[in-house]
J.: 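Submitted below is the structure of interest, expressed as structure tokens.
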Amino acid sequence: MLLGTYFHSLDDKNRLILPAKIVGKLKEDVVVSKGFEGCLELRTSKNFELYVEKLMRLSQNKKESRILIRQLLANAIDLKIDKTNRILIPSNLLKESNIVDEVTIIGVGNKLELWDSKKYKKFKLETDSTYDLIAEKIDDSNNE
């Protein structure tokens, strides 16, 4: 399980150092893709394949399904983690997420989200006040 919040910076070649604690849990190649709310998502190759398989079961006759699949796959790339725990994030994905320098990495279970730190700070401020209300609204007591 991927948990926690980490603060890092891109180097001058758009490489991002992943926290050693996280790299130990990934143990394989990763895929970085366009996420939601303006972030990038990082999954293991295996988890990404499972995610895509689920999406491919959506009706290809629905325009929304086609858009989601196109956006995801056109904005995804296989990456190798180098010996110093870095990944090279392509410029097109940095542009998609407006990541410039400072990166906030958050663990969200089976994936990591990579955020421009200023954008994440704004997102967090906007959503902190609704945390309790959302939890109550989506509560499903059968899943405790």
Side-chain angles (χ1 to χ4, degrees), residues 1-58 60 64-144:
M1 178 149 324
L2 302 169
L3 307 169
T5 303
Y6 307 88
F7 305 98
H8 288 264
S9 299
L10 291 175
D11 69 12
D12 58 347
K13 295 181 181 176
N14 294 339
R15 294 176 299 198
L16 176 66
I17 296 176
L18 297 173
K21 193 177 206 179
I22 294 291
V23 172
K25 293 181 180 184
L26 297 174
K27 299 179 186 171
E28 57 184 272
D29 294 340
V30 296
V31 175
V32 173
S33 63
K34 182 176 181 175
F36 300 99
E37 289 84 41
C39 72
L40 297 177
E41 296 179 345
L42 183 147
R43 292 177 170 84
T44 64
S45 294
K46 182 179 179 181
N47 280 345
F48 187 76
E49 285 178 26
L50 294 172
Y51 180 52
V52 170
E53 285 175 15
K54 181 178 175 183
L55 291 176
M56 297 307 287
R57 288 192 291 267
L58 296 172
Q60 299 297 304
E64 290 84 4
S65 298
R66 294 190 306 270
I67 290 170
L68 181 62
I69 292 166
R70 283 185 193 127
Q71 286 286 330
L72 176 71
L73 297 179
N75 293 290
I77 188 165
D78 291 302
L79 297 175
K80 293 207 178 286
I81 301 170
D82 72 14
K83 293 177 184 177
T84 57
N85 295 342
R86 297 177 303 187
I87 56 170
L88 176 63
I89 302 176
S91 58
N92 67 309
L93 290 180
L94 293 174
K95 187 175 179 180
E96 282 285 338
S97 60
N98 293 312
I99 293 175
V100 179
D101 182 35
E102 301 296 318
V103 181
T104 300
I105 303 167
I106 61 171
V108 287
N110 66 347
K111 66 184 175 190
L112 297 173
E113 291 182 347
L114 312 177
W115 289 78
D116 173 79
S117 289
K118 289 178 186 171
K119 186 186 285 187
Y120 180 71
K121 184 176 182 179
K122 182 180 180 207
F123 172 81
K124 188 167 178 350
L125 284 171
E126 291 171 354
T127 58
D128 276 350
S129 63
T130 60
Y131 174 75
D132 292 338
L133 296 172
I134 290 170
E136 184 176 329
K137 186 176 182 179
I138 64 173
D139 179 61
D140 180 3
S141 357
N142 294 329
N143 282 340
E144 287 188 43

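Atom set for the values below is all heavy atoms of this structure, side chains included, hydrogens, waters and symmetry mates excluded. Nothing fancy with the numbering, it's 1 onward along the sequence.
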J.: Do Leu55 and Leu68 touch side chain to side chain, with heavy atoms closer than 4.5 Å?
T.: yes
J.: Please examine the side chains of Thr127 and Ile134, heavy atoms only from C-beta on, and report whether any two atoms are closer than 4.5 Å.
T.: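 Heavy-atom side-chain distance check fails, nothing below 4.5 Å.
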J.: Just wondering, are more than 12 heavy atoms of other shown residues or ligands nearer than 6.0 Å to NZ in Lys122?
T.: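 Count not over threshold, so no.
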J.: Can you find a heavy atom in the side chain of Glu113 that is under 4.5 Å from one in the side chain of Phe36?
T.: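 In short, these two side chains do not touch, never coming nearer than 4.5 Å.
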J.: Between CG of Leu40 and CG of Leu112, what distance do you get to the nearest 0.5 Å?
T.: 11.5 Å
J.: Rounded to the nearest 0.5 Å, what separation is found between the NZ atom of Lys95 and the CG atom of Asn75?
T.: 11.5 Å
J.: Considering the options His8, Lys13, Arg15, which one meets the side chain to side chain donor-acceptor pair (under 3.5 Å) requirement together with Asp11?
T.: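 Result: among His8, Lys13, Arg15, Arg15 is the only option passing the side chain to side chain donor-acceptor pair (under 3.5 Å) with Asp11.
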J.: Indicate the atoms forming the closest heavy-atom contact of Ala76 with Ser33, along with that distance.
T.: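 Nearest heavy atoms, Ala76 then Ser33: CB-CB, 3.7 Å.
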J.: For atom CD of Gln60, decide whether the heavy atoms of other residues, nucleotides or ligands shown that lie under 6.0 angstrom number more than 12.
T.: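 Yes, because the 6.0 Å sphere around CD of Gln60 holds more than 12 heavy atoms from other groups.
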J.: To the nearest 0.5 Å, how far apart are CD1 in Ile89 and CD1 in Ile77?
T.: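 Spacing of CD1 (Ile89) from CD1 (Ile77) equals 10.5 Å.
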J.: Any side-chain heavy atom of Leu42 sitting closer than 4.5 Å to one from Ile87?
T.: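 Heavy-atom side-chain distance check passes, below 4.5 Å.
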J.: My understanding is that only residues two or more places apart in sequence, or in another chain, count here; which of them pass side chain to side chain donor-acceptor pair (under 3.5 Å) with Lys34?
T.: Gln71, Glu96
J.: Going by the rule ring pair (Phe, Tyr, Trp, His ring centres under 6.0 Å), which residues pair with Tyr51 if we only count those two or more places apart in sequence or in a different chain?
T.: none
J.: Could you state the interatomic distance from NZ (Lys124) to OG (Ser129), rounded to the nearest 0.5 Å?
T.: 10.5 Å
J.: Any side-chain heavy atom of Ile17 sitting closer than 4.5 Å to one from Thr84?
T.: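 Answer no - side chains too far apart.
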J.: What do the steps show when you test Asn47 against Lys111 for side-chain contact (heavy atoms from CB on, under 4.5 Å), and what is the final call?
T.: CA-CA 8 Å; Asn47 280 345; Lys111 66 184 175 190; over 6 Å; no
J.: Nearest 0.5 Å, please: how far is CD1 in Ile69 from CG in Leu58?
T.: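 Interatomic distance, Leu58 CG to Ile69 CD1, rounded to 0.5 Å: 5.5 Å.
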J.: Do any side-chain atoms of residues 100-110 form donor-acceptor pairs under 3.5 angstrom with protein atoms, and if so which ones, sequence neighbours left out?
T.:
unit_1	atom_1	unit_2	atom_2	d
Glu102	OE1	Ser9	OG	3.1
Glu102	OE2	Ser9	OG	3.0
Thr104	OG1	Ser117	OG	2.8

J.: In the structure I gave you, are the side-chain heavy atoms of Ile99 and Leu93 within less than 4.5 Å of one another anywhere?
T.: no
J.: Looking only at heavy atoms, what is the nearest atom pair of Lys21 and Tyr6, with distance?
T.: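 Here Lys21 and Tyr6 meet closest at CD-OH, 3.7 Å.
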J.: Hey, is the main chain of Leu133 close enough, under 3.5 Å, to the side chain of Thr130 for a donor-acceptor pair?
T.: no
J.: Hey, are the side chains of Leu72 and Phe48 touching, using non-hydrogen atoms and a 4.5 Å cut-off?
T.: yes
J.: Testing the basics here: between Glu37 and Lys119, what is the closest heavy-atom pair and its distance to 0.1 Å?
T.: O-CD, 4.0 Å
J.: Roughly how far apart are Leu50 CG and Ser45 OG, rounded to 0.5 Å?
T.: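 With rounding to 0.5 Å, CG (Leu50) is 11.0 Å from OG (Ser45).
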